[in-house]
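This report concerns only the one structure given below.
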Amino acid sequence: MEPVGYRPRQKKRTKRCVVLIVLLLIIVLGVALGLALSRRTETFKTTFMDRCKKFEGNDCEKIWAAFQQAYVGKDPCKVPMEAYDPLIKAAPFKPSCNRMMFWSKTKDVAHDFTDKRDCFVTLEDTLLGSVLDGLTWCGKEGSNETFTSDCPEWADCDDNTVRSFWSRVSAAFAEVACGDATAMLNGSIATPFSQYSIFGSIEVKRFNSANMRSLNVVLVTQENNVSNCSNASLKDLQKELDKGIKYNCKEVSEAQIQACSSNTEIPCHACW
Ligand SMILES: *[C@@H]1O[C@H](CO)[C@@H](O)[C@H](O)[C@H]1NC(C)=O
Ligand SMILES: *[C@@H]1O[C@H](CO)[C@@H](O)[C@H](O)[C@H]1NC(C)=O
Ligand SMILES: *[C@@H]1O[C@H](CO)[C@@H](O)[C@H](O)[C@H]1NC(C)=O
Ligand SMILES: *[C@@H]1O[C@H](CO)[C@@H](O)[C@H](O)[C@H]1NC(C)=O
Ligand SMILES: *[C@@H]1O[C@H](CO)[C@@H](O)[C@H](O)[C@H]1NC(C)=O
């Protein structure tokens with residue numbers, strides 16, 4: 001004879017077992033999630049450090065700390081460009097007179113050129129620009145993590161983590177522009193100079209005639225050119241410039257720039 005209450009006790013035991021397994025699962029999942037979260041920050045930090053260490057003579061841990069304080073624990077839409085001031089202090093921009101190249105809507109051509117020839121320097125060739133180029137990051141209120149997904153897009157809000165970073169470093173890069181500077185603009189679009197671009201809204205406004213002698217626009221043309229140096233938007237650019245900065249504009253075909261990128265025997269000053 002089975003004792004009464006035996007089955008129910010076993011049922012109770014099974015129930016307890018199920019509860020225990022569920023609890024264990026929750027703990028395991030929690031730990032895994034925690035690890036994944038911290039690994040997310042770790043992966044991002046690893047990229048940051050690896051890229052940073054290519055530039056000698058910098059304290060990359062200190063730069064990372066100054067970078068993080070700008071956005072960690074904050075609403076990713078409420079990070080003003082000033083939040084990165086301590087970062088600029090930790091990794092100041094050094095002027096490279098006569099070699100600074102600005103670009104707008106010509107990122108690939110400009111970088112293909114500066115990657116192959118070292119006569120010009122774009123923002124993305126500097127420490128801060130190259131460390132963060134192509135990356136997405138943001139924080140969250142109540143978290144000390146760095147997230148790399150579900151961050152606001154460029155146009156979602158003005159003061160977003162990534163956009164404010166590029167605004168701030170662009171301002172710092174333009175502030176140290178000196179001698180003869182170059183700007184690669186796009187001749188395949190109707191308005192090669194846009195007042196709403198980073199170049200138009202931030203960089204041009206920071207150029208200072210005390211340090212900068214001239215701005216030389218290289219208007220990159222393709223087979224179906226749309227604009228030329230007479231375009232009215234370029235007249236607006238000229239008006240925006242600090243008085244005393246000379247302005248030049250030259251139409252140069254993309255093919256000619258590419259030829260110069262790949263032939264180091266052509267001296268840089270002869271590229272256009
Ligand atoms: C200019 O802009 C057009 C349209 O966005 C793009 O297809 C083209 O590659 C750009 N030209 C250069 C030289 O970057
Ligand atoms: C976040 O804070 C926890 C607890 O203070 C700490 O263990 C962890 O290392 C921190 N993570 C980061 C990315 O700072
Ligand atoms: C520039 O382009 C306009 C049309 O957009 C054309 O009328 C003008 O002749 C061009 N100027 C030069 C110098 O090529
Ligand atoms: C030249 O610039 C003006 C704006 O400043 C623009 O409206 C016009 O379409 C531009 N392009 C050409 C090809 O004329
Ligand atoms: C495009 O620009 C090149 C170089 O400035 C010029 O020689 C050519 O005539 C232009 N083509 C068109 C269709 O305007």
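All ligand and atom numbering here is 1-based and tracks the order in the structure.
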We want to know whether [X] and [Y] form a side-chain donor-acceptor pair, criterion being a heavy-atom distance below 3.5 angstrom.
X    : Y    : answer
E251 : T221 : no
Q68  : W137 : no
D180 : S214 : yes

To which protein heavy atom is [atom] closest, and what is the distance rounded to 0.1 Å?
atom                    : answer
atom 5 (O) of ligand 3  : V226 O, 4.3 Å
atom 14 (O) of ligand 4 : N231 ND2, 3.5 Å
atom 13 (C) of ligand 3 : S230 OG, 3.7 Å
atom 11 (N) of ligand 3 : N228 ND2, 2.9 Å
atom 4 (C) of ligand 1  : I189 CG2, 4.0 Å
atom 9 (O) of ligand 4  : A190 CB, 4.0 Å

Query - Derivation and outcome, side chain to side chain donor-acceptor pair (under 3.5 Å), residues D125 and T114 - result: CA-CA 8 Å; D125 298 312; T114 61; 3.1 Å; yes
Atom indices of ligand 1, in the order listed, that fall short of 4.0 Å to a heavy atom of N186: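 The list of qualifying atoms is 1 (C), 2 (O), 3 (C), 8 (C), 10 (C), 11 (N), 12 (C), 14 (O).
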message: List ligand 1 atoms under 4.0 Å from T106, heavy atoms only on the residue side.
response: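 Answer, ordered by atom number: 14 (O).
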Are any non-hydrogen protein atoms located under 4.0 Å from atom 7 (O) of ligand 4?
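When distances to the protein are checked, atom 7 (O) of ligand 4 has no heavy atom within 4.0 Å.
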- Under the 4.0 Å line, does any protein heavy atom show up next to atom 2 (O) of ligand 3?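 True for atom 2 (O) of ligand 3.
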- Query: Is the shortest distance from a heavy atom of Q222 to ligand 1 less than 4.0 Å?
  - Reply: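 Yes.
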Original post:
Closer than 4.0 angstrom: is that true for some heavy atom of V109 and an atom of ligand 1?
Top reply: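 It does; at least one heavy atom falls under 4.0 Å.
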- Would you mind telling me if ligand 1 is within reach of the side chain of K107, the backbone, both or neither, using heavy atoms under 4.0 Å?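 Neither part.
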Hey, what do you get for C249 versus C229: SG atoms under 2.5 Å apart or not?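 Answer is yes: C229 pairs with C249 in a disulfide.
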- For the rings on F199 and W166, is their centre-to-centre separation under 6.0 Å?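 Between W166 and F199, which both carry aromatic rings, the centre distance is not below 6.0 Å.
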Q. Any idea which atoms of ligand 4 are less than 4.0 Å away from a heavy-atom of T191?
A.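 What qualifies from ligand 4 is 4 (C), 6 (C).
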| task | Run through Y84, Y71, W154 and flag the one making a ring pair (Phe, Tyr, Trp, His ring centres under 6.0 Å) with F165. | result |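 Between F165 and the candidates, ring pair (Phe, Tyr, Trp, His ring centres under 6.0 Å) is satisfied uniquely by Y84.
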Apply side-chain contact (heavy atoms from CB on, under 4.5 Å) to M184 and I257, showing your working.
CA-CA 11 Å; M184 262 196 193; I257 293 170; 3.9 Å; yes
Worksheet item: Would one find more than 12 heavy atoms of other residues, nucleotides or ligands at under 6.0 Å from atom CG of D118?
Response: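 No - once you tally the heavy atoms of other residues, nucleotides and ligands closer than 6.0 Å, there are 12 at most.
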